[in-house]
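Worksheet: the structure to be examined is printed underneath.
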Amino acid sequence: MSCGEPLKQDYFNRPTLEVTRDLLGKCLCRKLDGETKRLRISEVEAYDGPKDKACHAHRGKTARNEVMFGPAGRWYVYLCYGMHWMLNVVTGPVDFPAAVLLRGCVEVIGPGRLTKALSVDRVQDREIISPDCGLWIEDDGCEAPVTEVRRTPRIGIGYAGKEWVDKPYRFVWEKGKLA
DNA sequence: TAAGTGATCTCT
DNA sequence: GAGATCACTTAA
């Protein structure tokens, strides 16, 4: 498998929904014990700014979510339900809190299982997305065709109110599931 | 279908 | 400091 080009900070400094959509088909890369794992991203969700009631930042900045208020291109990792680490990519400009939740890859579906498979936890929280911290995203030229991408409401955010629950901010690359 | 799990947030 | 909440998984 040929190596791709690691995505740089400015790639993530674009409208959140654009970045979310574009991440489908990219490679999530993890270096462990000298070996590099590459997983094809197939499921993502957008959490877009302070007005989005499903976004952790909609109530303002806290110790946990402050990385989302910083520059794009960093990891936001936090523990959910006492046992699952959620892996997010910070997007958008400084002071606009937004992120993309990585929910699954072709090989591993499920946000909690993904982080478990890659040994991701609080160590990566707030790190810059680059090979330097052992966890990064590469573009190897693979594109998820428009016709194969499905948009659905987000998962597990029933508390956010109808307007936001209904938004189709979840992107799934169907073909990825079949592979 | 329900229990497990613990950090974080909000209210006293 | 206490209690509720939570962007989930697994085993029945």
For DNA chain B, find the residues of residues 11-25 of chain A with a heavy-atom distance under 4.0 Å and give them by number; none if there aren't any. none
Find the distance between CG (A:L24) and CZ (A:R150) and round it off to the nearest 0.5 Å. 12.0 Å
Taking all heavy atoms of A:A98 and all of A:G49, pick out the closest pair and write down the distance. CB-N, 3.8 Å
Where do N or O atoms of nucleotides 8-12 of chain C meet protein N or O atoms at under 3.5 Å, pair by pair?
{"unit_1": "C:dC8", "atom_1": "OP1", "unit_2": "A:R103", "atom_2": "NH1", "d": "3.2"}
{"unit_1": "C:dC8", "atom_1": "O2", "unit_2": "A:H84", "atom_2": "NE2", "d": "2.9"}
{"unit_1": "C:dT9", "atom_1": "OP1", "unit_2": "A:P111", "atom_2": "N", "d": "3.2"}
{"unit_1": "C:dT9", "atom_1": "OP1", "unit_2": "A:G112", "atom_2": "N", "d": "2.9"}
{"unit_1": "C:dT9", "atom_1": "OP1", "unit_2": "A:R113", "atom_2": "N", "d": "3.4"}
{"unit_1": "C:dT9", "atom_1": "O4'", "unit_2": "A:H84", "atom_2": "NE2", "d": "3.1"}

Mind checking side-chain contact (heavy atoms from CB on, under 4.5 Å) for A:Q9 and listing every partner two or more places apart, or none if nothing turns up? A:I128
Taking atom NE2 of A:H84 and atom CG of A:L114, what is their separation to the nearest 0.5 Å? 13.0 Å
For A:P93, give me all partners under side-chain contact (heavy atoms from CB on, under 4.5 Å), at least two apart in sequence or on another chain. A:N13, A:F96
Check whether any side-chain N or O of A:T91 sits under 3.5 Å from a backbone N or O of A:F12 as a donor-acceptor pair, and report yes or no. no
Restricting both atoms to N or O, compile the protein contacts to nucleotides 2-4 of chain C shorter than 3.5 Å, with distance only.
none

Nearest heavy atoms of A:T16 and A:A99, plus distance in Å: CG2-O, 3.9 Å
Is the closest basic N to carboxylate O distance between A:D52 and A:R154 below 4.0 Å? yes
Is A:D140 salt-bridged to A:R40, going by a charged N under 4.0 Å from an acidic O? yes
Do any pairs count as a salt bridge (Lys or Arg N to Asp or Glu O under 4.0 Å) and have a residue in residues 92-107 of chain A, sequence neighbours left out, and if so which ones? A:E43-A:R103, A:E45-A:R103
Identify the heavy atoms of A:A144 and A:V149 that sit nearest to each other, and give their distance. CB-CG2, 3.9 Å
Return the CG to CG distance between A:L87 and A:L135, rounded to the nearest 0.5 Å. 6.0 Å
Of all residues at least two apart in sequence or in a different chain, which pass the side-chain hydrogen bond (donor to acceptor under 3.5 Å, both in side chains) check with A:T36? none
Which donor-acceptor pairs under 3.5 Å do the side chains of residues 26-35 of chain A make with protein atoms, sequence neighbours left out?
{"unit_1": "A:K26", "atom_1": "NZ", "unit_2": "A:D22", "atom_2": "O", "d": "3.1"}
{"unit_1": "A:R30", "atom_1": "NE", "unit_2": "A:L118", "atom_2": "O", "d": "2.7"}
{"unit_1": "A:R30", "atom_1": "NH1", "unit_2": "A:G134", "atom_2": "O", "d": "3.3"}
{"unit_1": "A:R30", "atom_1": "NH2", "unit_2": "A:S119", "atom_2": "O", "d": "3.0"}

Contact interval (first through last nucleotide) of DNA chain B with protein chain A, 4.0 Å heavy-atom: B:dG4 to B:dT10
Would you give me the side-chain donor-acceptor pairs under 3.5 Å for residues 58-66 of chain A, sequence neighbours excluded?
{"unit_1": "A:H58", "atom_1": "ND1", "unit_2": "A:K53", "atom_2": "O", "d": "3.3"}
{"unit_1": "A:H58", "atom_1": "ND1", "unit_2": "A:C55", "atom_2": "O", "d": "3.2"}
{"unit_1": "A:T62", "atom_1": "OG1", "unit_2": "A:R64", "atom_2": "N", "d": "3.4"}
{"unit_1": "A:T62", "atom_1": "OG1", "unit_2": "A:N65", "atom_2": "N", "d": "3.4"}
{"unit_1": "A:T62", "atom_1": "OG1", "unit_2": "A:N65", "atom_2": "ND2", "d": "3.4"}
{"unit_1": "A:N65", "atom_1": "OD1", "unit_2": "A:T62", "atom_2": "N", "d": "2.9"}
{"unit_1": "A:N65", "atom_1": "ND2", "unit_2": "A:H56", "atom_2": "O", "d": "3.2"}
{"unit_1": "A:N65", "atom_1": "ND2", "unit_2": "A:G60", "atom_2": "O", "d": "3.2"}
{"unit_1": "A:E66", "atom_1": "OE2", "unit_2": "A:R126", "atom_2": "NH1", "d": "2.7"}

Between A:W173 and A:C142, what is the shortest heavy-atom contact and its length? CH2-SG, 3.9 Å
May I ask you to list the residues of residues 59-68 of chain A, by number, that have any heavy atom positioned under 4.0 Å from an atom of DNA chain B? A:R59, A:T62, A:R64
For the pair A:R113 (side chain) and A:I109 (backbone), establish whether a donor and an acceptor sit closer than 3.5 Å, ignoring hydrogens and angles. yes
My validator wants the stems of DNA chain B: runs of 3 or more consecutive Watson-Crick or G-U pairs, both distances under 3.5 Å, written as range with range. B:1-4 with C:8-11, B:6-11 with C:1-6
